[in-house]
Amino acid sequence: MSRYDASDIEPKWQAAWEQAGSFLARRDESKPKYYVLEMFPYPSGRIHMGHVRNYTMGDVIARYKASCGFSVLHPMGWDAFGMPAENAAMASGGHPKDWTYDNIATMKQQMKPLGLSIDWSREFATCDPEYYGQQQSMFLDFMEKGLVYRKAATVNWDPVDMTVLANEQVIDGKGWRSGAPVERRELTQWFFHISDFAEELLEAIDGLDDWPEKVKVMQRNWIGKSRGLQFSFSMVDGPHGHDRIEVYTTRPDTLMGASFVGISPDHPLAKMLERERDDVAAFNAKARQMGTSEEELERAEKLGFDTGLTVRHPFDTSWELPVYIANFILMDYGTGAIFGCPAHDQRDLDFARKYELPVISTYAPRDDEGHVLPESGGDAYVPPKSEKVHYVKGFAGDAMQTGEEGIDSAIAFCEANGVGQGVTKFRLRDWGLSRQRFWGAPIPVVHCDDCGVVPEKKENLPVELPYDVSFDIPGNPLDRHPTWRDVPCPACGKPAKRETDTMDTFVDSSWYFARFTAPNAATPTDPEEAAYWMNVDQYIGGIEHAILHLLYSRFYARAMHICGHLPASAIEPFNALFTQGMVTHEIYVTRDEKDRPVYHLPEHIEWTESGARLGATGEPVEVIPSAKMSKSKKNVVDPETIIRDYGADTARWFVLSDSPPERDVEWTAAGADAAYKHLARVHRIIAEIAESSDDGSKEADIELTRAMHRAIQDVTMGIESFGFNAAIAKLYAFTNTLQKSKAGTDAKREAARILAQLMSPMTPHLSEECWRLLGGEGLVTGAPWPVADESMLVEDTVTLPIQINGKRKSELTVAKDLAKEEVEKLVLADNAVVKALDGGAPKKLIVVPGRIVNVVL
RNA sequence: GCCCGAGUGGCGGAAUGGUAGACGCAGCGGAUUCAAAAUCCGCCGGUAGCAAUACCGUGGGGGUUCGAGUCCCCCCUCGGGCACCA
């Protein structure tokens with residue numbers, strides 16, 4: 001009998017699947033289809049355990065669904081454009097293309113030994129000209145349908161490197177390379193009209209039944225539909241025709257508590273003042289010395305500049321409010337101007353106290369006992385809008401009403417009195433897709449002095465990225481590439497210049513799922529293939545993509561439908577979504593002479609009785625609790641090493657077994673050892689059973705068969721509900737039962753065959769091996785999934801716990817369907833109950849049939 | 001700062017509002033062995049107790065309920081996102 005040797009078993013069965021073409025997706029109209037997709041990887045260089053976990057989960061689903069008779073599509077590709085390739089080119093020369101394709105080759109070579117049931121014939125990278133050429137073609141379609149436009153928008157500008165910075169390249173308000181304070185700068189950029197779809201994208205969330213509730217909540221909040229009042233303050237002696245300031249507020253019910261008006265440094269009025277007054281110019285310049293991210297603006301100290309100008313309150317023209325320029329107000333939101341009500345907004349309150357502005361409550365708690373008014377030094381009073389409050393300075397509706405009612409009546413009152421109108425706004429902004437970078441899909445338009453912005457002709461696509469470029473000076477090489485940049489105008493033929501902005505990589509990942517249905521089509525999609533394979537039935541990826549990637553894809557699918565590239569049924573492209581957790585690991589750190597941390601790889605650590613030490617020097621090592629595996633912290637284990645030492649099945653089993661899939665899993669060497677030992681044990685048990693021939697007792701046969709059907713039921717439910725760890729726990733239990741069983745060989749062989757099959761989505765190689773040992777027909781991959789016999793699942797008796805006052809004191813084993821009255825009699829006769837009642841009668845006797853009994857004294 | 005999650009033994013975790021700790025790891029005891037590895041069997045939340053058993057226990061504090069890890073309110077800690085990281 002051979003020992004379990006993964007390095008022997010795994011390549012053998014991978015070759016068998018390859019030869020059988022087991023994973024080629026075939027369009028078969030006679031079968032139901034199932035499209036399972038994991039978020040495709042960025043080719044960073046090497047795969048990591050997070051990838052292994054993500055793809056293993058998808059693989060379990062893909063293999064299970066194939067066994068259930070579905071025609072399965074399970075493809076893989078590469079999200080291959082992006083900054084790291086460009087950074088690598090800057091750091092060590094070379095071309096981003098070579099770096100990227102080298103990485104893809106390495107990572108594919110690392111993924112293959114995992115034995116994933118992927119149809120590799122559909123593989124592509126988003127940096128393939130065939131792919132981004134189709135994307136450019138769709139961009140032209142979008143232009144034609146009015147889904148794209150240009151406008152000015154702010155970017156992070158590094159004044160030393162003379163280049164645009166990504167948010168992650170801005171560290172503490174400074175450029176990551178130059179260290180120079182970044183500036184906000186306006187550039188004309190390309191935008192998708194995603195905000196036109198805000199209402200629809202919001203409403204359609206309700207139909208996403210198989211998406212996690214938290215993702216739906218995050219998307220709803222992101223779209224941020226609000227009802228509010230838009231109106232203008234008239235200015236007192238407004239300069240140069242600026243006689244009004246238009247504001248939008250979601251809390252018009254606090255209008256009588258307004259104490260100042262704030263405008264963005266980029267507001268037209270602020271810009272006008274800036275030209276005339278040095279002090280305003282200085283303040284605005286300082287305010288612009290900040291990154292563009294919302295997070296940075298919110299965290300920064302709130303600063304204001306008193307312009308000396310005032311506006312009149314719409315309901316009391318003798319009441320004048322000061323106008324401040326404030327660094328936390330963005331021109332992109334609403335009207336770029338707000339009124340501040342310090343009593344009911346903590347940020348406004350902080351601002352008011354700083355600049356000694358009045359604080360006026362418009363409402364207070366109904367029961368204001370213990371409530372310290374913000375006027376008297378308390379915090380801003382910000383109750384939920386659904387809570388009833390007492391309006392002390394309201395101007396419409398009842399004195400006692402909820403915030404929502406207060407807002408509604410305030411809007412109605414203002415409209416009736418000619419002060420502005422109620423409007424619905426969305427927080428969602430249009431999707432800026434321009435990137436001033438090289439390594440992305442070129443935006444296929446040409447700028448002509450005569451004709452303006454001219455779309456490239458479709459027959460000239462793809463507009464391919466040039467190879468003869470260098471990255472030794474900052475900025476986009478496309479900007480300074482004369483032969484690539486200087487082209488004739490597609491409309492008039494005169495000399496013109498190509499657009500040098502490339503597309504956001506979110507564009508690439510917003511339709512790759514559709515391209516997988518026909519990866520070689522001469523158009524973006526093939527209608528028949530898209531109709532058959534779309535939608536993605538199960539999408540799996542990280543929670544970090546909960547908002548942007550998924551929202552953009554939902555928009556993009558709609559835009560593709562408008563242009564005829566997807567059927568109407570595919571505008572919500574992901575039927576079910578699962579967000580898996582990360583793989584974490586402990587961090588090992590020592591200190592250098594300057595007390596800076598030095599990180600060490602897990603494989604360099606040795607464990608002694610006195611703790612962790614560095615293997616090479618014996619130096620003690622500090623162990624920091626688990627965090628996401630990252631190269632910088634060196635808390636990584638290389639899947640390649642794990643596969644070499646234990647085999648792919650062990651890696652797959654471990655990442656599924658130890659934690660619920662939506663939670664983080666901590667990689668531990670002990671856990672990997674345990675997984676390996678268990679697989680070896682299964683192999684041994686099954687090999688023994690395959691060689692044995694015993695008669696067992698009939699009772700043992702029935703008992704084992706019952707356990708087998710129970711296992712089929714539990715494991716199937718586990719997989720269906722993404723409870724992989726629970727399914728694996730049942731498989732452990734069933735293995736224990738099988739090992740201890742006194743059943744005869746026939747019953748044991750059947751149970752062993754079912755065990756191998758139930759394990760096959762998780763450990764496909766081992767399962768094939770066991771299947772063969774047991775004389776199973778063909779490959780277990782593709783063998784029909786077993787179905788539990790319902791009659792074998794039913795138990796005749798149940799054990800009811802007996803609680804006294806909610807605490808378990810005894811138990812009672814009765815026939816499953818014993819009448820409630822009979823149960824009550826038996827309960828009252830129970831020793832523990834008799835003792836507790838001490839001759840008295842229970843106050844209450846609760847019998848939940850088949851579950852529990854509670855005696856209340 | 002704003003939005004969304006998560007917190008259960010030494011560890012990973014299980015538990016349609018119904019016996020908290022399934023299953024696994026580590027640990028302890030035993031069998032096997034010349035010995036070890038491997039394997040097999042048993043024990044394994046805390047406190048008190050020889051024991052039977054009692055009390056405590058799901059991040060902290062309140063609440064709803066016959067009954068709360070699970071539902072509600074407040075708080076703490078950790079993680080994800082915040083529109084140019086992917």
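No experiment lies behind these values; they were computed from the predicted model shown. Excluded from the calculations below are hydrogen atoms, water molecules and symmetry mates; all remaining heavy atoms, backbone and side chain alike, are included. Letters A, B, ... mirror the listed sequences (proteins, then strands); counts begin at 1.
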For nucleotides B:A22 and B:A36, find the distance between their P atoms and express it as a whole number of Å. 31 Å

A:Asn327 CG - B:G1 P separation (whole Å): 17 Å

Quote, to the nearest angstrom, the P distance that separates B:C78 from B:G45. 30 Å

Once you apply a heavy-atom cut-off of 4.0 Å, does A:His545 come out as touching a base, just sugar-phosphate, or nothing? base

At 4.0 Å (heavy atoms only), tell me whether A:Val155 reaches a base, stays on the sugar-phosphate, or touches nothing. base

Do the side chain of A:Glu544 and the base of B:C4 come within less than 3.5 angstrom through a donor-acceptor pair of N or O atoms? no

With a non-hydrogen cut-off below 4.0 angstrom, is A:Asn725 in contact with a base, only sugar-phosphate, or nothing? sugar-phosphate

Could you tell me whether A:Gly542 contacts a base, only the sugar-phosphate backbone, or nothing, with contacts defined as non-hydrogen atoms closer than 4.0 Å? nothing

Sugar-phosphate, base or nothing in reach of A:Lys807, heavy atoms under 4.0 Å: sugar-phosphate

Does A:Gln436 contact B:C84 through a side-chain donor or acceptor facing the base, at a distance under 3.5 Å? yes

Exceeds 12 heavy-atom contacts within 6.0 angstrom, atom NZ of A:Lys151: yes

A:Gln169 side chain to A:Ala166 backbone, donor-acceptor under 3.5 Å: yes

Assign B:G67 to syn or anti; the rule is syn for a glycosidic angle within 90° of 0 and anti otherwise. anti

How would you label the contact of A:Gly82 with the nucleic acid (heavy atoms, under 4.0 Å): base, sugar-phosphate, or nothing? sugar-phosphate

Whole-Å distance separating the CD atom of A:Glu86 from the P atom of B:C85: 13 Å

How long is the span from the CD atom in A:Glu294 to the CG atom in A:Leu330, to the nearest 0.5 Å? 8.0 Å

Using a 4.0 Å heavy-atom cut-off, does A:Pro41 contact any base of the nucleic acid, only the sugar-phosphate backbone, or nothing at all? nothing

Test for a donor-acceptor pair under 3.5 Å between the base of B:C84 and the side chain of A:Asn167, counting only N and O atoms. no

Once you apply a heavy-atom cut-off of 4.0 Å, does A:Arg347 come out as touching a base, just sugar-phosphate, or nothing? nothing

For A:Ser657, report the nucleic acid contact type (base, sugar-phosphate, nothing); a contact means any heavy atom under 4.0 Å. nothing

A:Asn736 near the nucleic acid: base, sugar-phosphate alone, or nothing, with a heavy-atom cut-off under 4.0 Å? sugar-phosphate

Could you go through A:Trp176 and A:Val170, starting from their C-alpha distance and side-chain angles, then the distance that decides it, and tell me whether this counts as side chain to side chain contact (heavy atoms under 4.5 Å, CB included)? CA-CA 6 Å; A:Trp176 66 335; A:Val170 179; over 6 Å; no

Does the B:C82 base have a donor-acceptor partner in the side chain of A:Glu295 within less than 3.5 Å? yes

Assign A:Arg427 to base, sugar-phosphate, or nothing according to its heavy-atom contacts below 4.0 angstrom with the strands shown. base

Taking NZ in A:Lys302 as the centre, count heavy atoms belonging to other residues, nucleotides or ligands within less than 6.0 Å. Is the count above 12? yes

Take atom C1' in B:C55 and the same atom in B:G42, then report the distance between them in whole Å. 28 Å

What is the nucleic acid contact for A:Lys809, judged by heavy atoms within less than 4.0 Å: base, sugar-phosphate only, or nothing? sugar-phosphate

Which part of the nucleic acid does A:Ala546 contact within heavy-atom distance under 4.0 Å: base, sugar-phosphate only, or nothing? nothing

Work out how far the C1' atom of B:G29 is from that of B:C44, and round it to whole angstrom. 11 Å

Checking only heavy atoms, does the side chain of A:Arg851 share a donor-acceptor pair with the base of B:U16 at less than 3.5 Å? yes

Pick base, sugar-phosphate or nothing for A:Lys740, based on heavy-atom distances below 4.0 Å to the nucleic acid. sugar-phosphate

